[in-house]
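To keep things clear, I will list the structure first and then write my remarks on it.
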Amino acid sequence: MSALASTGSEANDEAAPRLAAAGIAALFLVGAVGGLIGDMCHVESGTTTYLEDPLPYVWRSQLWFPLMVGAGTAALGWIRVRLATSGSGDERGMTEGLRDAVAMIASVIALYALTALVRGEPQPAAVVICWAVAAVIVARWARGPADLVCAAIAALFGVTSEIVLAAAGVFEYAGDIARFAGVASWLPALYLAYGVVAGRLGLIAARMR
Amino acid sequence: MSALASTGSEANDEAAPRLAAAGIAALFLVGAVGGLIGDMCHVESGTTTYLEDPLPYVWRSQLWFPLMVGAGTAALGWIRVRLATSGSGDERGMTEGLRDAVAMIASVIALYALTALVRGEPQPAAVVICWAVAAVIVARWARGPADLVCAAIAALFGVTSEIVLAAAGVFEYAGDIARFAGVASWLPALYLAYGVVAGRLGLIAARMR
Amino acid sequence: MSALASTGSEANDEAAPRLAAAGIAALFLVGAVGGLIGDMCHVESGTTTYLEDPLPYVWRSQLWFPLMVGAGTAALGWIRVRLATSGSGDERGMTEGLRDAVAMIASVIALYALTALVRGEPQPAAVVICWAVAAVIVARWARGPADLVCAAIAALFGVTSEIVLAAAGVFEYAGDIARFAGVASWLPALYLAYGVVAGRLGLIAARMR
């Protein structure tokens, strides 16, 4: 606030978000638990089936799944914070708080459950509603190109991983679901919304240190 | 804050929200009509069935139901206004208007209808989507501890009442619905969202006098 | 634009939104494509069936359908901009941006898909959730009487057109859907939400010229 405060570089430093270890751990935990909840919906509805189970199950998921989503969430949060720090800085002060974190996490989990519930419904309408809800989530929370970069990274890595794992026979999507390359047609939408939210959660976690 | 400011008690009084009789009546009406609409969804979908009907039916509900929801809504609104007045006052000026009232009421009714529509769906995914949508509603409208207190009161009294009434054989939840203690697993989520909204409607009604 | 121009009444003119040809074309395109996506959901779910096909099909729709929705969207946008210009001007600076445009379009498409997905569900709950979601959309985006005028115009013209076309045997709603005058009971809700959004998109398009 004072002229003196702004002379030192620490002032700048203080404003720049950075993720501490606790933040990384929190992001991992949110991703892992959210992934377990969502995957439970997919398994229970028969949307997906694990074909190989070399690892122990956690709830309804093979152990690698929550680890992957947790690590992905932490990575996306870290990337988003890096993009903010290297940016022009005009995003500072636009970070959301705990209420927004809850709303963002809950909206992605609601979309995740929706993708499970539309199994058995006419697939064109099912795919449209999932993409439309994902677009609402993205438009609600993304505030700039960096958030869309996180969305694109999540969709690219997430969908590619699932295509590879489905092709390798590790798990499969039910045959009555609209699919491409072995995965559900609504899958990129889910990852896009997830990517934006994981990135924004990174900014919140960095601000909260 | 200053001694001078606090000499005119009317000034303070004017800023403090208070519920007039018309506000109480409006809250009762909104709760009763909303309850009738939601309960109609539950009865028509077979989610709940009245087993005893000592009182006349209003639409699809036994008369006690809209009375209970109406009284609950008025009580929650009154409690919320009391919590605001006794608070530090930093919530003043944060009250929503008519648009928000419509959005809040409609979102709880949408959730109410959703709980009816997920009957017959895989129950784990059904329970998850109801809790997630409720969390979005709570996170969107709750602005502080007082709103969460209203949510907790609504869930405690609402769910307990329904458990007692279900145990007494007054009505029942369908057997194919995920349940605990005789009531649906998504029931606390519906009451939590309802509690926040009933409280916030109280503040709006107090402001509108 | 020039210094001279800004001295006269054109200064006012500059602030007043006006729809250029490109804006009209963009509104037509958004409406036509959105209509095609939504109608595809209705046809694929058996919600509606074309009984006469004098014109070629575009995707799943008879050619007249996207033309009608596109023209309607452009007309509503134009009407909304006119209402803003003739108004008191206190709406200026309240126009949304691209993010909001995406959120508005996606929310109406999500509602459109929802109306298709609730076919086969208990109709009272289906009708309630569609009206409630529409109310959330209207309350979220409408900012004044002019937006409600657009909603009313859309509902009046849209629903009347569909009643006439259904009565004429051009298309029909499935018999298991809650209906009035041959059209679905949730139809006015869909048009109300669409009308508000088409009007607001007009304001955004006018601002972007």
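With a 4.5 Å cut-off on non-hydrogen atoms, A:Ala134 does not touch chain C at all.
Surrounding CZ of A:Phe157 are at most 12 heavy atoms belonging to other residues, nucleotides or ligands under 6.0 Å away.
Taking chain A as the reference chain and counting heavy-atom pairs below 4.5 Å, the highest number among C:Glu44, C:Met104, C:His42 is found for C:Glu44. Ranked by non-hydrogen atom pairs under 4.5 Å with chain A, the options C:Ala110, C:Ser107, C:Ala116, C:Ala106 are led by C:Ala106.
Using modelled atom types, one side-chain atom of C:Arg99 and one backbone atom of A:Ala142 make a donor-acceptor pair closer than 3.5 Å.
Remark: of the listed residues A:Ile129, A:Val128, A:Leu114, A:Ile129 is the sole one forming a side chain to side chain contact (heavy atoms under 4.5 Å, CB included) with C:Leu117.
Shown here for C:Ala113 and A:Ala125, the closest heavy-atom pair between the two residues is CB-O, 3.8 Å. Pairing each heavy atom of A:Ala135 with each of C:Val102, the nearest pair is O-CG1, 4.3 Å.
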Item to check | side chain to side chain contact (heavy atoms under 4.5 Å, CB included) between C:Arg119 and A:Glu121, intermediate numbers included | outcome: CA-CA 9 Å; C:Arg119 192 190 165 199; A:Glu121 300 291 336; over 6 Å; no
